Structure formats: C-alpha cells, structure tokens
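Please read the structure below before turning to the comments.
Computed over heavy atoms, backbone and side chain alike; hydrogens, waters and symmetry mates excluded. Position 1 is the first residue of the sequence; numbering continues from there. All of these numbers come straight from a predicted model, not from anything done at the bench. When a ligand or atom number is given, it counts from 1 through the structure's own listing order.
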Amino acid sequence: MHSFGYRANALLTFSLTILALMAAMASFSDNFNSPSPAAHVQVLNVNRFQNRPNGDDEIGMTLSISADLQSLFTWNTKQVFVFLAAEYGTPKNAMNQVSLWDGIIQLKEDAKFSTKVKNKYRFIDQGSNLRGRDINLTLHWHIMPKTGKMFADKLVVTGFQLPHSYR
Ligand SMILES: *[C@@H]1O[C@H](CO)[C@@H](O)[C@H](O)[C@H]1NC(C)=O
C-alpha cells in the first residue's frame with residue numbers, strides 16, 4: 001500500500017528531475033546563441049597626466065562609451081557585468097590591465113547605451129611607463145546565467161596613444 005508520504009516523495013523527485021532537465025536545457029541552449037556585440041569608445045579628453053610623488057604615473061580622462069550588448073541577452077541571462085579596461089605592455093609586464101569603468105546590466109533594454117564618463121577607477125601605472133604609451137581600450141563582459149555556466153568574452157574597441165608629456 002502506498003502511503004501519502006510515498007506519493008508526495010515520488011512527486012517531489014519527479015518535479016526535481018524535470019527542473020534539473022529544464023535547467024540543463026536552458027544552459028545548453030545558450031551555446032546556440034552567437035552574440036554580435038558592438039562597442040565604440042573614444043577618449044574625449046586627457047584631463048590630467050602626472051607623475052605622483054612615489055614615482056607612479058597617473059592619468060585622468062573623459063571617455064565616451066557606447067555599446068549595444070543586447071544580443072548577449074537570452075531568456076537564460078540573469079545579468080551582464082561589463083567593464084572597460086586599459087591594456088598595455090611595459091618593459092616590466094607584458095600585459096597590464098587597469099579597469100576604468102564598469103557596470104551591471106540587468107535588462108536587455110538597458111544593454112544598448114551611450115555614456116560620457118570620467119574614469120571611475122584611478123588609472124595608475126606601477127612606474128612611470130605611460131608617456132607616449134600605446135594602449136588598448138578593451139570592453140570585457142561576463143554573462144551570468146540564471147542557470148548553467150558563466151561566459152566571458154571581450155572586444156578590443158580601440159587603440160589610443162597617451163600623451164608624450166605630463167600636463
Ligand atoms: C592590443 O590589441 C591588438 C589587436 O587586438 C593586439 O594585437 C595587441 O596584442 C593588444 N595589445 C595589448 C597590450 O593587449
């Protein structure tokens with residue numbers, strides 16, 4: 001004789017199996033989304049460029065950032081973390097990465113944006129390597145899904161040469 005408890009348990013197991021299956025399908029279907037994000041970044045102005053008392057270079061800039069990341073959103077997307085990094089090589093490190101701006105996008109409608117900002121985080125080099133330095137401005141994004149694994153990718157948006165002298 002099957003008790004109520006047994007039935008409830010069987011139903012629960014069945015529900016959980018279906019839930020797990022749906023989660024797996026949602027996560028799997030993400031593999032078929034081939035996003036085509038677009039971004040445009042421009043350095044509008046170098047506001048200051050100094051060598052700090054400790055010898056490290058610091059630069060302040062105003063950036064224009066526009067992007068259309070709507071194609072990153074699927075029905076399994078919880079949110080997208082996006083950041084703009086300055087990337088450059090120095091004699092000491094082949095790759096330096098400094099985050100200048102970031103944001104969290106929770107709605108697809110907000111994934112198409114255009115903004116004019118001063119660097120949100122300080123752009124400081126570990127040394128005095130920034131004069132005349134060629135940098136890449138790279139947009140990185142991390143897609144956090146409702147279920148399944150996280151995806152990350154990036155786009156080198158533009159190159160920029162820093163000023164040759166402090167100001
Ligand atoms: C800058 O971007 C170019 C083109 O993608 C790449 O070849 C180069 O290695 C990048 N430089 C740095 C320092 O990341």
*Side-chain H-bond candidate by donor/acceptor type, Asn47 with Thr62, under 3.5 Å*: yes
Connected to Phe81, directly or through other members, by ILVMFWY side-chain contacts below 4.5 Å are Phe83, Ile104, Met144, Met150
- Query: Would you call Arg131 and Phe49 a side-chain contact if the rule is heavy atoms closer than 4.5 Å?
  - Reply: yes
Output for pair (Leu107 CG, Thr77 OG1), nearest 0.5 Å, gives 11.5 Å
Donor-acceptor list for residues 10-20 side chains, cut-off 3.5 Å, not counting sequence neighbours:
from: Thr13; atom 1: OG1; to: Asn9; atom 2: O; distance (Å): 2.8
from: Ser15; atom 1: OG; to: Leu11; atom 2: O; distance (Å): 2.8
from: Thr17; atom 1: OG1; to: Thr13; atom 2: O; distance (Å): 2.7

Taking a 3.5 Å cut-off between nitrogen or oxygen atoms, can you list every pair linking ligand 1 to the protein, with distances?
from: ligand 1; atom 1: 2 (O); to: Asn136; atom 2: OD1; distance (Å): 3.4
from: ligand 1; atom 1: 2 (O); to: Asn136; atom 2: ND2; distance (Å): 2.3
from: ligand 1; atom 1: 11 (N); to: Asn136; atom 2: ND2; distance (Å): 2.9

Applied to residues 87-100, the side-chain hydrogen bond (donor to acceptor under 3.5 Å, both in side chains) test, sequence neighbours excluded, yields Glu87-Gln97, Glu87-Thr138, Glu87-His140, Tyr88-Asp125, Thr90-Asn96, Asn93-Asn96, Gln97-His140
